[in-house]
Amino acid sequence: MQAKMKVKESVSPKTGADVLMQTLIDEGVEIIFGYPGGAVLPIYDALYRTELRHILPRHEQGAIHAAEGYARISGKPGVVIGTSGPGATNLVTGIADAMMDSLPLVVFTGQVARGVIGTDAFQEADVMGITTPITKHNYQIQELEDLPRIVKEAFHIATTGRPGPVVVDIPKDISSELVEPLVPEDIHLPGYQPNYLPNLLQVKKLAEAIHHAERPVILAGAGIIHSGASAELLELVESQGIPVANTLLGLGSFPADHGLFLGMAGMHGTYAANMALYDADLLINFGARFDDRLTGNLQHFAKKAIVAHIDIDPAEIGKNVETAIPIVADAKETLKALLKEVGSAPSITEWVEKLKTDQVKFPLWYNTDNDILSPQYVVERLHKVTNGEAIVVTDVGQHQMWAAQYYSFKEPKKWVTSGGLGTMGFGFPAAIGAQLAAPDKTVIALVGDGGFQMTLQELSVLQEHRLPVKIIIVNNTSLGMVRQWQHAFYGGRYSQSKIPVQPDFVKLAESYDIRGFKVETAEALQEVFSKTLLDTEPVLIDCRVNPEEIVTPMVAPGAGIHEMIGVKP
Amino acid sequence: MKRIVIAIVNNQSGVLNRVTGLMSKRRFNIESISVGRTETEGISRMTFVVDVKDEAQSEQLVKQLHKQIDVLKVWDITDQAIVARELVLIKVLSNPQIRSEINGIVEPFRASIIDVSRDSLTVQVTGDSDKVEALIELLRPYGIKELARTGITAFPRGQQRQVTEMKPYSLIK
C-alpha cells in the first residue's frame with residue numbers, strides 16, 4: 001500500500017507559501033488555527049493545495065486561544081496564521097498569554113510587501129515591534145531562502161527549554177515569490193542553548209538538605225507537567241514522605257487524592273498549603289516561578305526556609321525569592337538525578353501530622369444552607385459525574401478559582417487555564433483547542449458569564465465541526481471576581497461589575513444548533529449533568545448560581561501568605 | 001549602584017530594540033549604551049552602564065539579557081579589573097583671550113582642541129568617567145554650549161587579579 005501523501009500534487013513547491021507548507025508538514029504539524037486576509041492570501045492558496053487541517057475561528061483571538069488549549073493538552077506547538085495589521089494585533093493578547101504561561105506556539109503573521117514596509121501601507125502594523133516584548137523570539141523573513149531555516153528555528157525555540165510563543169512575520173511578496181525547491185539549512189543558534197541536565201553538585205546539596213530537613217515541602221509547578229515528570233515526583237514524594245503543594249498551573253502534576261497532597265497554594269489556596277510554605281525549613285520548588293499570586297507579600301514568604309529552585313529558565317531563579325540551592329535544569333532530569341542521591345526518608349512525622357491537622361481543621365468550605373445553586377457545588381458535581389477525569393478548561397475569575405479548588409485533578413494535562421496573564425475570553429476557545437488535541441476525551445469549558453461573552457462567537461466552530469465541548473456557564477450575572485474585590489476592598493461600590501443584561505444562553509446555543517439547558521437547582525443540575533456530560537455532542541449548560549458567593553479563603557493583596565481570611569465559615 | 005555590562009550580540013536589525021525593550025520593560029535604568037562591530041563578521045558588542053538597586057537586580061539583568069536568542073554572551077564586568085573609556089566632545093564658549101587659558105586646562109588631561117571658532121572651541125577627551133567628569137567640571141565655568149558623550153565602552157583586562165572571596169553555602173543559613 002502506498003503511504004498517504006500529505007501534498008496533493010507531487011510537484012515541487014512553487015511559491016514561498018508552498019515552501020512554508022512543506023516546512024510545516026516536515027515539522028509534523030497536524031492542525032492550523034487561522035484566519036485569512038489580504039497579506040496571507042498566498043499562504044491560504046498554498047494551504048488549499050495541502051491536506052493540512054485548518055480550523056477557522058470567527059475571530060483571530062479564538063484562533064490563538066484555541067492554539068494555546070491545543071498546545072497545553074497535546075504538548076505539541078500550536079500553529080496559528082493571521083493576516084497583517086488587525087489580524088496580527090488581534091492575536092496579541094493570546095501571544096502575551098502564552099508567553100506568561102510558557103506555551104509553545106508558532107504564529108505566522110502576514111505582512112505587507114517588503115517594498116512598502118514602513119510606509120503605513122494598508123493593513124500594515126509593526127508586528128516585530130509589537131510582539132518583541134511578548135514573544136520568546138520573533139522573526140521577520142527578509143529573504144525567501146531564509147524561510148525554511150527560520151521556520152525550523154521557530155519550532156525549535158518554541159518547543160525547547162522553557163516553551164513560549166514565536167512569531168514569524170512573512171511579507172506578502174515573499175510568500176508569493178516563485179522559487180525552486182529549497183532544502184532547509186541546519187539551524188544554528190549559538191545564543192540559545194537550554195540546559196537540561198542538572199549540576200550534580202547542586203543535586204547532592206539538595207539531597208543533603210532533604211536529609212537534614214525537619215519541615216520540608218515541595219511546590220510543584222507547571223514545569224513538572226511540561227517535562228512529564230509526574231511519575232518521578234510521585235516516586236520522590238513517596239520515598240521521602242514530603243508533602244506537596246501545587247501552583248495554579250501545576251494542578252494535576254501530583255494526584256489530588258494522595259495523602260501528602262496539601263492542595264493549591266497562593267491567594268486562594270488552602271490554609272494547609274500556605275502554612276506549609278510559610279513554616280517550612282526547606283522549600284523545594286520544581287518548575288514554578290514564584291508568582292505574586294502564589295507568594296503573597298514576599299516579606300513573609302518562606303522566610304524560615306532554605307529555598308531550592310529547579311527551573312529550566314535561569315532568569316526565574318532568584319528573581320523573586322532568594323534561592324540557596326539553584327538548579328537550572330529540566331524537572332524530570334533533576335528528579336531522576338535526585339532519586340539516585342536521596343537516602344532514607346527524613347523523620348518529619350510531626351510536621352506532616354501538623355499539616356494534616358491543618359487540613360482537617362481548615363478545609364475548603366462554602367455555604368450550603370440556601371436554596372440557590374452554589375458555584376462550588378457545580379464544580380463538585382462536575383468532578384463526580386466525570387469521575388475527575390475530564391479535561392477542564394476555564395476562563396478567568398471566581399469560577400476559575402473554584403475549579404482549581406474543587407475539581408481535584410488526578411493526573412497531568414487535564415487542566416487548561418490562563419494563569420499569568422489572566423485573560424478573560426480564554427476559556428471557551430481554549431476548550432475548542434483542547435478538544436481537537438484530545439478528540440475522544442470529555443472536555444469541559446467552565447466559563448463565567450462575563451468571559452464567555454468575550455469569545456462566544458466561537459460557538460460556530462462547535463457547530464461546524466460538531467466538537468463535543470461541554471460549555472458550563474457559572475452564571476452569576478456579574479463579573480464575580482471584580483465584584484468580590486469591590487465588596488471586600490471598595491466599600492461595596494459595584495462599579496460596572498453587574499451585568500444582568502445578557503443573552504438567553506439557551507436560545508443562543510440553539511441558534512448554533514447546540515443543545516442548551518438552564519439550570520437553577522441542585523436537582524436539575526444533577527439531571528442535566530448526568531444526561532449530557534458524557535455523550536459525544538456539544539452542550540451548553542447555563543448554571544444560575546448564587547451571585548453573592550465569594551471565593552474563600554483568601555490572602556488579601558499586600559498580606560503575607562500566613563494571613564489568610566475566610567479560612568472558617 | 002552602577003554596573004557595567006557587556007553583551008556580545010548578533011548584528012541583526014532589531015537587536016538593539018530587543019535589548020533596550022527588555023530593560024525598559026523590567027525598569028532597568030540605562031545610563032549609557034555603546035554599540036559597535038567586533039573582530040568577527042556579523043557580531044556586535046554592546047556596553048551598557050546601568051543603574052540598579054542591588055546585586056540581585058544586576059544578576060536579573062544579566063539573566064534576562066542572556067535569555068535573548070540574539071545575545072550570545074553577557075557579563076557584568078564591574079567587579080573585574082577593566083579598562084573603561086569614553087569619548088566626550090565639549091563645546092566651550094571662548095574668545096581669543098581665554099583660549100590659551102583653556103588650553104592650559106585641557107593639556108594635563110591629554111585632551112585636545114579639535115575645532116576653534118570665533119566664540120567657541122571644541123575639546124575632545126577620552127578616558128574613564130572620573131577623568132572626563134573632572135575635565136567637564138573644570139570647563140563648566142567658561143560656559144559649556146554643547147556636550148556629547150559616547151558612553152563607556154569597556155574590556156576586562158588581559159590579566160585579572162585573584163579572586164579569594166567566595167560566598168560560603170550553608171544548610172544552617
Side-chain angles (χ1 to χ4, degrees), chain A residues 126-140 142 153-154 156-158 160-162 164 166 169 187-194 201-202 205-206 208-213 281-282 303-308 311-326 328, chain B residues 3 5-28 30 35 38-46 50 52-76 166-173:
Chain A
D126 177 11
V127 171
M128 292 297 284
I130 292 168
T131 60
T132 294
I134 52 165
T135 49
K136 189 168 170 188
H137 196 52
N138 58 4
Y139 294 92
Q140 185 175 66
Q142 309 285 352
E153 286 182 1
H156 177 72
I157 292 169
T160 53
R162 177 179 181 178
V166 179
D169 197 36
I187 58 173
H188 177 57
L189 295 166
Y192 177 69
Q193 306 288 336
L201 196 71
Q202 297 290 351
K205 276 183 191 169
L206 176 54
E208 192 191 334
I210 290 174
H211 185 69
H212 288 103
D281 70 343
L282 174 65
K303 283 294 165 209
K304 309 168 189 174
I306 290 174
V307 175
D311 204 306
I312 198 145
D313 178 358
E316 289 303 341
I317 296 176
K319 186 178 81 177
N320 297 335
V321 175
E322 204 185 321
T323 303
I325 310 175
V328 179
Chain B
R3 309 295 295 183
V5 177
I6 290 178
I8 303 295
V9 303
N10 284 327
N11 182 6
Q12 264 166 21
S13 68
V15 173
L16 186 62
N17 183 28
R18 285 179 202 283
V19 165
T20 54
L22 94 78
M23 290 203 189
S24 72
K25 171 179 160 184
R26 297 191 187 263
R27 307 198 58 185
F28 295 112
I30 307 170
V35 190
T38 62
E39 71 284 2
T40 316
E41 178 89 14
I43 303 291
S44 290
R45 182 186 186 94
M46 296 182 175
V50 283
V52 296
K53 277 202 310 261
D54 47 29
E55 255 172 58
Q57 213 193 358
S58 106
E59 184 186 320
Q60 185 60 208
L61 170 64
V62 169
K63 284 173 164 179
Q64 291 295 344
L65 282 170
H66 197 74
K67 258 170 87 163
Q68 292 293 320
I69 279 133
D70 282 331
V71 174
L72 309 180
K73 262 189 190 171
V74 197
W75 61 109
D76 180 335
M166 292 281 273
K167 270 191 204 159
Y169 160 80
S170 162
L171 279 179
I172 309 129
K173 254 192 156 180

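Here is the naming used below: chain letters follow the sequence lines, and residue numbers restart at 1 for every chain.
Atom CD of residue A/Q193 and atom NE2 of residue B/H66 lie 9.0 Å apart, to the nearest 0.5 angstrom. Expressed to the nearest 0.5 Å, how far NZ of A/K136 lies from CD1 of B/I69 amounts to 6.0 Å. To the nearest 0.5 Å, atoms OH (A/Y192) and NZ (B/K67) are separated by 10.5 Å. For the atom pair OG1 of A/T132 and CD of B/Q68, the computed distance is 8.5 Å after rounding to the nearest 0.5 Å. We find the CD-CD distance between B/Q64 and A/E316 to be 7.5 Å, quoted to the nearest 0.5 Å.
In this structure, chain B has no heavy atom under 4.5 Å from any part of A/D281.
When atom types are taken as modelled, the side chain of B/K25 and the backbone of A/P133 share a donor-acceptor pair closer than 3.5 angstrom. The closest donor-acceptor contact from the side chain of B/K63 to the backbone of A/I317 lies under 3.5 Å.
Contact between A/G129 and B/N17 at its shortest, heavy atoms only, is CA-ND2, 4.5 Å. The two residues A/Q142 and B/S13 come nearest to each other via the heavy atoms NE2-OG, 4.4 Å.
Within a 6.0 Å radius of NE2 in A/H211, other residues, nucleotides and ligands contribute 12 heavy atoms or fewer.
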